[in-house]
> 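The structure is given below, and queries will be raised subsequently.
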Amino acid sequence: MTDLGKPAVTVLGLGAMGSALAGALLAAGHPTTVWNRTPEKAAPLVAHGAVAAATPAGALAASRLVVVCLLDHTTVLDVLAAAPDELAGRVVVNLTSGTPAQARELAVWAARHDVDHLDGGIMAVPPMIGAPPAFVLYSGSRAAFDTHRSTLDAFGTSSYVGADPGMAALQDIALLSGMYGMIMGVLQAYALVRSAGVRATDFAPVLGSWLTAMSAQIPRAAERIDTGDHTTGVVSDLAMQTAAYPHLLRAADEQGVSAELLAPLLPLLRRRLADGHGAEDVYGVIDLLTKENDRA
Ligand SMILES: NC(=O)c1ccc[n+]([C@@H]2O[C@H](COP(=O)([O-])OP(=O)(O)OC[C@H]3O[C@@H](n4cnc5c(N)ncnc54)[C@H](OP(=O)(O)O)[C@@H]3O)[C@@H](O)[C@H]2O)c1
């Protein structure tokens, strides 16, 4: 049931995620106008009170606040550029995944068209949208975030991470990088035990407990990286880890399991060791990943 006292919102893009976003706005009572290239996808939302616009221009004209969730950056620029006259004075919240540079490019483009721009990174899958466990990172216009936060909270937990329009995309990709690192480790672990006939489901409890215990390394690593102190209280030093790491590769080979997910870390460990950091912790390897001038 839409509540005419609530701000109207337009959603451009009704894929799996755009439909979930529009559904959450409707559930929160926002008058919601939707547009999608394939118009049939609007039908379930129209059944719940949305208004379907025939064109991006019609959709933009309906609301000051516009949420964009399309396939990629190029599609966003193409769709918005199709309705330049309706853009001025709008607040565009782009929730399409992209890189920080793409978000910054969109911010420049938006400013040229008199659009207030927020960029966002959705840390959820569509069924999670509409409840607090879904969180969305926003960066760009602080004024736009403050003005529209209560509307954006319909999607989940909203978090503003900075005025740099690329910051939300950067943190989104940093979080996904952490996630894929974990997925790589989980895949390797299951491949190893499967090579000896152990079912993944049987190994899952011990792997889960181990990774949960190891997650304590996340704040520890952060403190060491921020302070640059890689020597105080080191328990498992880099020299030991560089000697032990090849066992992971050799064991995989012995079991007929590919080590290609694990192999890239070894040359970094060896370079850091060769640079004279053998007595330090492993987190000093970050200095091989970031350029000198990137560090605070
Ligand atoms: N799904 C997730 O779990 C998830 C999670 C976080 C972030 N995201 C991000 O959310 C964004 C949308 O994801 P999604 O899952 O909704 O993807 P999707 O289901 O593939 O939907 C893609 C959307 O883009 C539209 N589109 C594609 N090419 C177009 C073009 N040339 N012109 C106009 N519209 C075009 C599609 O329109 P048609 O319907 O006409 O094809 C559809 O509305 C992506 O950037 C994705 O990375 C998704």
Side-chain angles (χ1 to χ4, degrees), residues 9-27 32-48 50-60 62-63 65-84 86-87 92-107 109-110 117-140 152-159 161 165-180 182-183:
V9 189
T10 283
V11 178
L12 301 178
L14 299 177
M17 186 54 86
S19 293
L21 298 172
L25 290 166
L26 287 166
T32 304
T33 300
V34 295
W35 172 85
N36 194 56
R37 177 182 63 175
T38 307
E40 293 73 30
K41 288 191 187 168
L45 295 158
V46 169
H48 285 89
V51 173
T55 60
L60 284 169
S63 324
L65 179 61
V66 178
V67 173
V68 183
C69 191
L70 292 161
L71 182 66
D72 57 18
H73 178 64
T74 307
T75 311
V76 172
L77 287 175
D78 287 350
V79 168
L80 292 179
E86 285 74 16
L87 276 170
V92 168
V93 180
N94 178 38
L95 297 181
T96 306
S97 301
T99 69
Q102 288 173 337
R104 291 175 194 128
E105 185 193 3
L106 183 61
W109 189 94
H117 164 245
L118 257 185
D119 220 83
I122 302 174
M123 306 315 299
V125 291
M128 293 168 68
I129 296 297
F135 72 100
V136 185
L137 305 167
Y138 294 95
S139 61
L152 300 174
D153 281 347
F155 303 144
T157 305
S158 311
S159 177
V161 294
M167 185 55 80
L170 182 70
Q171 294 198 10
D172 178 335
I173 287 168
L175 291 170
L176 292 178
S177 300
M179 180 191 80
Y180 278 113
M182 186 191 72
I183 287 174

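Every number for a ligand or one of its atoms is a count from 1 in the order of the listing. Small disclaimer: the values here were computed from a predicted structure and weren't measured.
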> Would you say D172's side chain and G121's backbone share a donor-acceptor pair under 3.5 angstrom?
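Judged by distance alone, no pair lies under 3.5 Å.
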> Could you tell me which atoms of ligand 1, counted from 1 in the order shown, lie closer than 4.0 angstrom to a heavy atom of T96?
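The list of qualifying atoms is 45 (O).
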> If I take atom NE2 from residue H73 and atom CD from residue E105, how far apart are they, to the nearest 0.5 angstrom?
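Answer for the NE2-CD pair, H73 versus E105, is 3.5 Å.
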> Measure the distance from atom 41 (O) of ligand 1 to every protein heavy atom, then report the residue, atom name and distance (to 0.1 Å) of the closest one.
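Sorting protein heavy atoms by distance from atom 41 (O) of ligand 1 puts R37 NH2, 2.9 Å first.
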> Let me confirm one number: the CG-CD distance from N94 to Q102, rounded to the nearest 0.5 Å.
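Here the interatomic distance stands at 9.5 Å.
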> Would you mind checking which non-hydrogen protein atom is closest to atom 43 (O) of ligand 1, with the distance to 0.1 Å?
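I find the closest protein heavy atom is N36 OD1, 2.6 Å.
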> Could you tell me whether some N/O pair between T38 and ligand 1 is separated by less than 3.5 angstrom?
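Yes, there is a polar N/O contact under 3.5 Å.
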> Using distance alone, determine whether D72 and ligand 1 share an N or O pair under 3.5 Å.
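No, there is no polar N/O contact under 3.5 Å.
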> Give the atoms of ligand 1, by number and element, whose distance to some non-hydrogen atom of I122 is under 4.0 Å.
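Listed by number with element, the hits are 6 (C).
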> Check salt bridge (charged side-chain N to carboxylate O under 4.0 Å, His left out) between D72 and all other residues, then give those that pass, not counting sequence neighbours.
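If we apply the salt bridge (charged side-chain N to carboxylate O under 4.0 Å, His left out) test to D72, skipping adjacent residues, there are no hits.
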> Report the distance from atom CG of D78 to atom CZ of R37, rounding to the nearest 0.5 Å.
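One finds 10.5 Å between CG of D78 and CZ of R37.
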> Is a side-chain N or O of T10 found less than 3.5 angstrom from the main chain of A59, in a donor-acceptor match?
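Present.
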> Rounded to the nearest 0.5 Å, what separation is found between the CG atom of L137 and the CD1 atom of I122?
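If I round to the nearest 0.5 Å, the distance is 10.0 Å.
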> To the nearest 0.5 Å, what is the distance between OH (Y180) and CG (L175)?
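Going from OH on Y180 over to CG on L175, the span is 12.5 Å.
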> With a 4.0 Å cut-off on heavy atoms, is A124 in contact with ligand 1?
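True for this residue.
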> Going from CG on L80 to CG on L106, what distance comes out if it is rounded to the nearest 0.5 angstrom?
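Nearest 0.5 Å value for the CG-CG distance: 6.5 Å.
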> Please report which non-hydrogen protein atom sits nearest to atom 23 (C) of ligand 1, along with the residue it belongs to and the distance in Å to one decimal place.
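Going by distance alone, atom 23 (C) of ligand 1 is nearest to L71 N, 3.9 Å.
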> Can you find an N/O atom of L14 closer than 3.5 Å to an N/O atom of ligand 1?
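Right, the criterion is met.
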> Can an N or O of A16 be found at a distance shorter than 3.5 Å from an N or O of ligand 1?
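Such a contact does occur with ligand 1.
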> Indicate yes or no: at least one non-hydrogen side-chain atom of S19 is less than 4.5 angstrom from one of L45.
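S19 reaches L45 side chain to side chain.
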> Test side-chain contact (heavy atoms from CB on, under 4.5 Å) on V68 and V79 and set out the steps.
CA-CA 9 Å; V68 183; V79 168; over 6 Å; no
> Can you confirm, on distance only, whether ligand 1 has an N/O atom lying under 3.5 Å from any N/O atom belonging to G15?
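Yes: some nitrogen or oxygen of G15 is under 3.5 Å from one in ligand 1.
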> To which protein heavy atom is atom 47 (O) of ligand 1 closest, and what is the distance rounded to 0.1 Å?
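That would be S97 OG, 2.7 Å.
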> Counting only nitrogen or oxygen atoms and a 3.5 angstrom limit, does P126 reach ligand 1?
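Min N/O separation from ligand 1 is not below 3.5 Å for P126.
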> Give the atoms of ligand 1, by number and element, whose distance to some non-hydrogen atom of G13 is under 4.0 Å.
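Near G13, meaning under 4.0 Å from one of its heavy atoms, ligand 1 has 43 (O).
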> Name the closest protein heavy atom to atom 32 (N) of ligand 1, giving the residue it belongs to and the distance to 0.1 Å.
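Of the protein heavy atoms, T75 CG2, 3.5 Å lies nearest.
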> Please state which protein non-hydrogen atom is closest to atom 10 (O) of ligand 1 and give its distance, to 0.1 Å?
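Closest protein heavy atom to atom 10 (O) of ligand 1: C69 SG, 3.4 Å.
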> Please determine, by modelled atom types, if D119 and S139 share a side-chain donor-acceptor pair under 3.5 angstrom.
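Short answer, no.
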> Would you say ligand 1 has an N or O under 3.5 Å from any N or O of M17?
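Yes, since at least one N or O of M17 sits under 3.5 Å from an N or O of ligand 1.
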> Would you say ligand 1 has an N or O under 3.5 Å from any N or O of K41?
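Yes: some nitrogen or oxygen of K41 is under 3.5 Å from one in ligand 1.
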> Output yes when the distance from some N or O of ligand 1 to some N or O of L70 is under 3.5 Å, and no in every other case.
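By distance alone, the answer is yes.
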